[in-house]
Amino acid sequence: MESLQREIADDAVFDDDFGFDPAALSSASPAAQQQLTETPTGSDTESIADTPLVAGVDQAFFDDQAISAVVVLQGGEVVERTHAITDLSIPYIPGLLAFREGGPIVAALETLDCDPDLLCVDGSGRIHYRQAGLATHIGVVFDTPSIGVAKNLLCGSPQESVDDRPTGWRTPIEADDAVDCADGMIIGYAYQSRQYESSNRHINPLYVSPGHRVAVDTTVDLVAALCDGYKLPEPTRLADSYADDLKAELS
DNA sequence: GCGACAG
DNA sequence: ATCTTGTCGC
């Protein structure tokens with residue numbers, strides 16, 4: 001399994017190679033973007049068509065079954081939702097998450113009518129022992145640009161302490177000896193998508209990393225653009241609650 | 001051998 | 001991931 005991950009890492013592209021404008025990703029609705037970009041003569045179909053499709057993927061679990069939910073957003077609006085329920089055979093093992101959850105996610109993505117410009121995956125991408133986390137695995141399988149958004153750090157080390165940082169703050173994650181690449185290589189970022197202003201409690205940062213065909217710096221910018229007042233990017237957040245709803249119906 | 005460890 | 005009430009703050 002580890003050798004397969006090395007092959008996936010070899011196939012992965014950790015540079016920008018996607019066909020949309022990152023600036024067109026804002027959480028503003030297509031209609032709002034349209035108004036902003038509308039010309040006096042007004043051909044108003046272009047801005048919608050040019051707005052990238054971002055698919056959020058998340059899962060819930062129940063009785064050794066995975067409920068994989070996918071929500072596709074275009075400029076902040078849901079354009080498609082789909083899901084798949086799959087039996088789980090492999091247990092969770094740090095570093096091998098893609099073998100447990102990859103199949104179920106692929107099953108859900110295959111039922112999609114549209115084809116997304118970007119996949120937003122819950123879990124690490126390049127922040128992984130062999131640089132082939134779940135987001136990378138999925139991205140390479142579909143050869144679609146992808147990014148990984150994790151709530152915890154698997155490996156690597158933040159350049160600065162991540163404790164109690166303000167909204168918008170970020171710091172690079174450097175490869176350490178646990179990562180299969182040059183020491184000090186920037187493999188991701190800790191990104192504080194949200195923080196309480198004046199409170200006793202505080203929010204932990206997200207750990208974002210390239211999946212496939214996205215550079216590390218672009219990855220943080222994309223996540224920043226996809227967040228809309230909540231800790232998680234909108235596509236992920238909506239996929240998360242959709243998975244919870246499906247699970248509730250199933251229980 | 002010991003510690004670390006996405007979801 | 002999952003099991004779960006109250007509680008603090010805008």
Side-chain angles (χ1 to χ4, degrees), chain A residues 1-2 5 8-9 12 56-70 83-108 119-139 146-158 162 164 166-167 173-180 187-191 193-212 216 219 223 229-233 236-237 239-248 250-251:
Chain A
M1 299 185 118
E2 285 82 356
Q5 293 188 319
I8 286 173
V57 185
D58 196 28
Q59 299 174 300
F61 301 88
F62 183 63
D63 270 354
D64 255 326
Q65 286 193 314
I67 302 157
S68 306
V70 179
H83 70 95
I85 296 178
T86 315
D87 289 319
L88 290 168
S89 40
I90 302 169
Y92 167 68
I93 299 168
L96 300 180
L97 181 64
F99 294 104
R100 172 177 166 86
E101 301 189 355
I105 289 173
V106 168
L119 303 176
C120 190
V121 179
D122 64 309
S124 289
R126 196 181 185 181
I127 294 180
H128 180 272
Y129 308 126
R130 292 163 292 279
Q131 303 186 81
L134 182 61
T136 303
H137 197 108
I138 300 297
S146 67
I147 57 177
V149 178
K151 299 178 215 65
N152 293 286
L153 188 59
L154 174 61
C155 56
S157 39
V162 302
D164 201 17
T167 302
I173 303 296
E174 297 182 342
D176 53 24
D177 42 15
V179 184
D180 199 338
I187 55 176
Y189 273 88
Y191 174 66
S193 53
R194 181 183 178 182
Q195 188 55 277
Y196 295 130
E197 288 292 343
S198 52
S199 171
N200 320 306
R201 299 180 303 175
H202 62 81
I203 300 174
N204 294 135
L206 294 174
Y207 295 95
V208 308
S209 57
H212 181 45
V216 67
T219 300
V223 171
Y230 294 90
K231 173 170 178 172
L232 295 175
T236 303
R237 201 174 67 81
D240 184 81
S241 73
Y242 182 37
D244 284 344
D245 291 347
L246 290 165
K247 177 177 174 176
L250 205 148
S251 300

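None of the values given here were measured: they were computed from a predicted structure. Reminder, nothing fancy here: chain letters follow the sequence lines and each chain counts from 1.
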Checklist entry - To the nearest 0.5 Å, how far apart are CG in A:D176 and OH in A:Y129? => result 9.5 Å

Checklist entry - In terms of side-chain heavy atoms of A:N152, which of B:dG7, B:dC5, C:dT7 is nearest? => result B:dG7

Next on the checklist: Nearest whole Å is fine: how far is C:dT2 C1' from A:Y92 OH?
Outcome noted: 14 Å

Checklist entry - Out of C:dC8, B:dA6, C:dT2, which nucleotide sits closest to the side chain of A:R201? => result C:dC8

Next on the checklist: Base, sugar-phosphate or nothing for A:L96? Non-hydrogen atoms, less than 4.0 Å.
Outcome noted: base

Next on the checklist: Heavy atoms from C-beta onward define the side chain here; which of C:dA1, B:dA6, B:dC5 lies closest to that of A:Y129?
Outcome noted: B:dC5

Next on the checklist: Under 4.0 Å, heavy atoms only, any strand: does A:G95 hit a base, just the sugar-phosphate, or nothing?
Outcome noted: base

Checklist entry - A:L154 side chain: which of B:dG7, C:dT2, B:dC5 is closest? => result B:dC5

Checklist entry - Among C:dC3, C:dT7, B:dG7, which is the nearest nucleotide to the side chain of A:A150? => result B:dG7

Checklist entry - NA contact type, A:A60, heavy-atom cut-off 4.0 Å: base, sugar-phosphate, or nothing? => result sugar-phosphate

Checklist entry - Is A:S146 reaching over with its side chain to a backbone N or O of A:A135, donor-acceptor style, under 3.5 angstrom? => result yes

Checklist outcome for this item: From the candidates B:dG7, C:dC3, B:dA6, the one with an atom nearest any side-chain atom of A:K151 is B:dG7

Next on the checklist: Should A:Y196 be counted as stacked on C:dG9, where stacking needs a ring-centre gap under 5.5 Å and an angle between planes under 30 degrees?
Outcome noted: no

Next on the checklist: What is the separation between atom CG on A:D244 and atom C1' on C:dA1, rounded to the nearest whole Å?
Outcome noted: 11 Å

Next on the checklist: Mind checking if A:F61 touches a base, just sugar-phosphate, or nothing, with heavy atoms under 4.0 Å?
Outcome noted: sugar-phosphate

